[in-house]
Amino acid sequence: MSTESRTQGEKTVLLLGATGGLGSLIGRALLAKPGVKLRCLVREGSREKVAELAAQGAEIVIGDVGAGSEAALEKACEGVYSVVSALQGMGDVLIEGQLRVLAAARKAGVRRMIPSDFSFDHFELEEGRNINSDVRRGFAKAAEAARGDVEVSHVLCGCFVDRRVLFGFLGAVDLAAGVVRIWGDGKAPIDFTTYQDTALYTAEAAVDPEPLPRKFNIAGETMDAHGLAKAVSEGVGREIKVERLGSMEDLDAELARRLETEPTNFFAWMPLMYWREMLRGKTKLGALVNGRYPHIRPQTIVEYLKATGGAAS
């Protein structure tokens with residue numbers, strides 16, 4: 001099937017990482033769109049994790065992106081309009097694995113690939129500031145040279161509004177203590193988007209017949225750390241204060257200390273790598289594509305907290 005013929009009528013989307021939290025939401029969003037067929041590539045033994053998607057009509061293909069997967073990936077890409085990756089991992093997956101996917105997509109005449117970014121604008125970071133961002137930029141650089149006619153568009157959404165991220169992993173908002181912890185003045189604008197809205201916009205990106213920008217920037221809302229404290233206060237119905245722990249130089253020193261004392265403890269320093277870049281405003285998204293899809297009304301932090309009953313704590 002030619003690329004041109006797939007721009008009309010039914011579109012097949014190949015989804016990688018459908019067993020994860022964001023991946024499953026993207027799968028549901030794609031299945032809800034008329035004229036879209038969903039194909040999920042999952043590892044042997046993970047079929048039960050996508051049983052819900054399969055019950056809704058998704059085609060399940062067994063495979064992975066590791067060495068030796070090239071032929072299977074080419075077959076999985078046959079007749080596909082776009083490939084969406086929600087894979088997680090380091091260079092072996094997000095660079096080497098996704099490059100195998102890109103090569104297969106190119107051979108199959110796939111229109112578009114959306115790699116696994118789903119983050120702030122990591123393209124603006126200096127090397128070494130965030131190791132996860134370094135890996136994603138590594139794929140993006142290699143993809144520019146290897147993509148051929150495949151359009152590669154990076155979904156960038158800022159910080160996830162989710163109990164496991166903004167109110168968990170990141171460590172920035174401590175609901176139990178009633179504080180938003182910052183270094184510096186906390187005045188840098190930060191983009192926030194829920195998992196659900198990220199999935200909805202990603203589904204639109206996957207099937208959009210028009211060319212997409214290289215940076216597919218989306219955001220539910222944008223505010224600084226002081227605005228975040230006010231929004232969380234309203235959402236949970238009690239005061240959340242801003243607690244300043246020092247200057248940005250103090251933050252650099254704290255991060256260096258954690259890396260030195262607990263180099264193998266990912267959770268001791270990786271969250272702070274993300275929060276540091278948000279607080280210094282380096283990762284603020286540029287022009288947003290929200291306006292292309294006016295039927296999506298992103299959920300705010302206040303709405304998210306009220307909908308979950310403050311369960312983010």
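Quantities reported herein were computed from a predicted structural model and do not represent experimental measurements.
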Practice item. Report yes or no: does R292 contribute a side-chain atom to a donor-acceptor pair with the main-chain N or O of A205 at less than 3.5 Å? Key: no
Practice item. For residues C77 and V101, report the shortest heavy-atom separation together with the two atoms involved. Key: SG-O, 4.5 Å
Check your understanding: Rounded to the nearest 0.5 Å, how far does CG of L272 lie from CG of L251?
Key -> 5.0 Å
Review point. Are I301 and L305 close enough that some pair of their side-chain heavy atoms sits under 4.5 Å apart?
Key: yes
Exercise for review: Keeping the roles fixed (side chain from E59, backbone from K37), state whether a donor-acceptor pair exists under 3.5 Å.
Suggested key: no
Check your understanding: Sub-3.5 Å donor-acceptor pair from the side chain of R136 to the main-chain atoms of P115, do we have one?
Key -> no
Exercise for review: Take the angle between the ring planes of F167 and Y304 and call it parallel below 30°, perpendicular above 60°, tilted in between.
Suggested key: parallel
Check your understanding: Are any of the side-chain heavy atoms of P213 and E151 separated by less than 4.5 Å?
Key -> no
Exercise for review: Determine whether I240 and V302 fall in the same hydrophobic cluster, where Ile, Leu, Val, Met, Phe, Trp and Tyr are linked whenever their side-chain heavy atoms lie under 4.5 Å apart.
Suggested key: no
Review point. R276 side chain to R129 main-chain N or O, any donor-acceptor pair under 3.5 Å?
Key: yes
Practice item. Just do the side-chain contact (heavy atoms from CB on, under 4.5 Å) check on L228 and L166 with the steps written out, would you? Key: CA-CA 11 Å; L228 174 62; L166 178 59; 4.1 Å; yes
**Study point:** Sequence neighbours excluded, every pair satisfying salt bridge (Lys or Arg N to Asp or Glu O under 4.0 Å) that has a member inside residues 257-274
**Key:** E254-R257, E254-R258
Exercise for review: Please answer whether the main-chain N or O of S119 pairs with a side-chain N or O of D117 as donor and acceptor at a distance below 3.5 Å.
Suggested key: no
Check your understanding: Could you state the interatomic distance from NZ (K107) to CG (L102), rounded to the nearest 0.5 Å?
Key -> 11.5 Å
Check your understanding: Looking at S82 and V110, what are the two nearest heavy atoms and their distance?
Key -> CA-CG1, 3.8 Å
Review point. Looking at A105 and V83, what are the two nearest heavy atoms and their distance?
Key: CB-CG2, 4.4 Å
**Study point:** Atom pair CD1/OG1 of I218 and T198 - distance to nearest 0.5 Å
**Key:** 4.5 Å
**Study point:** Non-hydrogen atoms of I182 and A225 that approach each other most closely
**Key:** CG2-CB, 3.6 Å
Review point. Can any side-chain N or O of R100 pair as donor or acceptor with the backbone N or O of D64 at less than 3.5 Å?
Key: no
Review point. For residues 219-228, which residue pairs qualify under side chain to side chain donor-acceptor pair (under 3.5 Å), counting only residues two or more places apart or in two chains?
Key: D191-T222
Review point. W275: what forms a ring-ring contact (aromatic ring centres under 6.0 Å, His included) with it, not counting sequence neighbours?
Key: none
Point to revise | SB check K141 E144 (cutoff 4.0 Å) | key: no
**Study point:** Closest heavy-atom pair and its distance - P189, K284
**Key:** O-CD, 3.7 Å
Review point. Between R214 and H154, does a side-chain contact (heavy atoms from CB on, under 4.5 Å) hold up when you go through it step by step?
Key: CA-CA 6 Å; R214 182 169 182 257; H154 304 268; 3.9 Å; yes
Check your understanding: Does the side chain of T12 come within less than 4.5 Å of Y81's, by heavy atoms?
Key -> no
Exercise for review: Taking the six-membered ring for Trp and the single ring otherwise, decide whether the centroids of F216 and Y201 are under 6.0 Å apart.
Suggested key: no
Exercise for review: Could you go through the side-chain contact (heavy atoms from CB on, under 4.5 Å) check for S133 and F120 one step at a time?
Suggested key: CA-CA 9 Å; S133 297; F120 49 36; 3.5 Å; yes
Revision key, fill the gap. When every non-hydrogen atom of L41 is compared with those of A76, the smallest separation belongs to CD1-CB, 4.5 Å
Study note, to complete from the structure: Residues pairing under salt bridge (Lys or Arg N to Asp or Glu O under 4.0 Å) where one sits in residues 84-96, two or more places apart or in two chains, turn out to be none
Study note, to complete from the structure: Applying side-chain contact (heavy atoms from CB on, under 4.5 Å) to P294 and not counting sequence neighbours gives none
Check your understanding: Which residues pass the side-chain contact (heavy atoms from CB on, under 4.5 Å) test with T19, sequence neighbours left out?
Key -> V42, S46, K49, V50
Review point. Would E277 and K282 pass as an ion pair if we require N to O under 4.0 Å?
Key: no
Review point. Is L14 linked to V93 within one hydrophobic cluster, defined over Ile, Leu, Val, Met, Phe, Trp and Tyr using a side-chain heavy-atom separation of less than 4.5 Å?
Key: yes
Review point. Among the clusters formed by ILVMFWY side chains lying less than 4.5 Å apart, do V161 and I296 turn up in the same one?
Key: no
**Study point:** Shared hydrophobic cluster, F192 / V155 (ILVMFWY, side-chain heavy atoms < 4.5 Å)
**Key:** no
Check your understanding: OG1 of T308 to CZ of R163: how many Å apart, nearest 0.5 Å?
Key -> 5.5 Å
Exercise for review: List the steps, then state whether side-chain contact (heavy atoms from CB on, under 4.5 Å) holds for N130 with H122.
Suggested key: CA-CA 9 Å; N130 182 302; H122 55 73; over 6 Å; no
Study note, to complete from the structure: Excluding L156, membership of its hydrophobic cluster (Ile, Leu, Val, Met, Phe, Trp, Tyr; side-chain heavy atoms within less than 4.5 Å) reads F123, L285, L288
Point to revise | From N265, L259, N132, residue fulfilling side-chain contact (heavy atoms from CB on, under 4.5 Å) relative to M270 | key: N132
**Study point:** Nearest-0.5 Å distance that lies between atom CZ in F169 and atom CZ in F160
**Key:** 12.0 Å
Report, one line per pair, each donor and acceptor closer than 3.5 Å where one atom sits in a side chain of residues 27-36; sequence neighbours left out.
unit_1, atom_1, unit_2, atom_2, d
K33, NZ, E204, OE1, 3.4
K33, NZ, E204, OE2, 3.0

Revision key, fill the gap. Residue set satisfying side-chain contact (heavy atoms from CB on, under 4.5 Å) with R164, at least two apart, ordered chain then number -> D162, Y195
**Study point:** Exceeds 12 heavy-atom contacts within 6.0 angstrom, atom CZ of F266
**Key:** yes
Check your understanding: Can you name the residues that form a side chain to side chain donor-acceptor pair (under 3.5 Å) with R137, not counting sequence neighbours?
Key -> E127, D134
Exercise for review: To the nearest 0.5 angstrom, please state how far the OG atom of S116 sits from the CG atom of L22.
Suggested key: 7.5 Å
Check your understanding: Does the T193 side chain pair with the main chain of G220, one donor and one acceptor, at a distance under 3.5 Å?
Key -> yes
Study note, to complete from the structure: Applied to residues 170-183, the side chain to side chain donor-acceptor pair (under 3.5 Å) test, sequence neighbours excluded, yields D174-R181, R181-E243
**Study point:** Ion pair check, R297 and E303, cut-off under 4.0 Å
**Key:** yes
Review point. Are side-chain N/O atoms of Q299 and T194 paired as donor and acceptor at under 3.5 Å?
Key: no
Exercise for review: Answer with yes or no whether the hydrophobic clustering places V61 together with V13; edges join I, L, V, M, F, W, Y residues whose side-chain heavy atoms lie under 4.5 Å apart.
Suggested key: no
Check your understanding: Given the rule in the salt bridge (Lys or Arg N to Asp or Glu O under 4.0 Å) test, do K215 and E124 qualify, once you have shown the distances and angles that lead to the verdict?
Key -> CA-CA 12 Å; K215 294 182 183 181; E124 299 304 314; 3.1 Å; yes
Check your understanding: Are side-chain heavy atoms of V65 and Q98 found at a separation under 4.5 Å?
Key -> no
Practice item. For S247, check side-chain contact (heavy atoms from CB on, under 4.5 Å) against everything at least two apart and list the hits. Key: R244, E249, D250
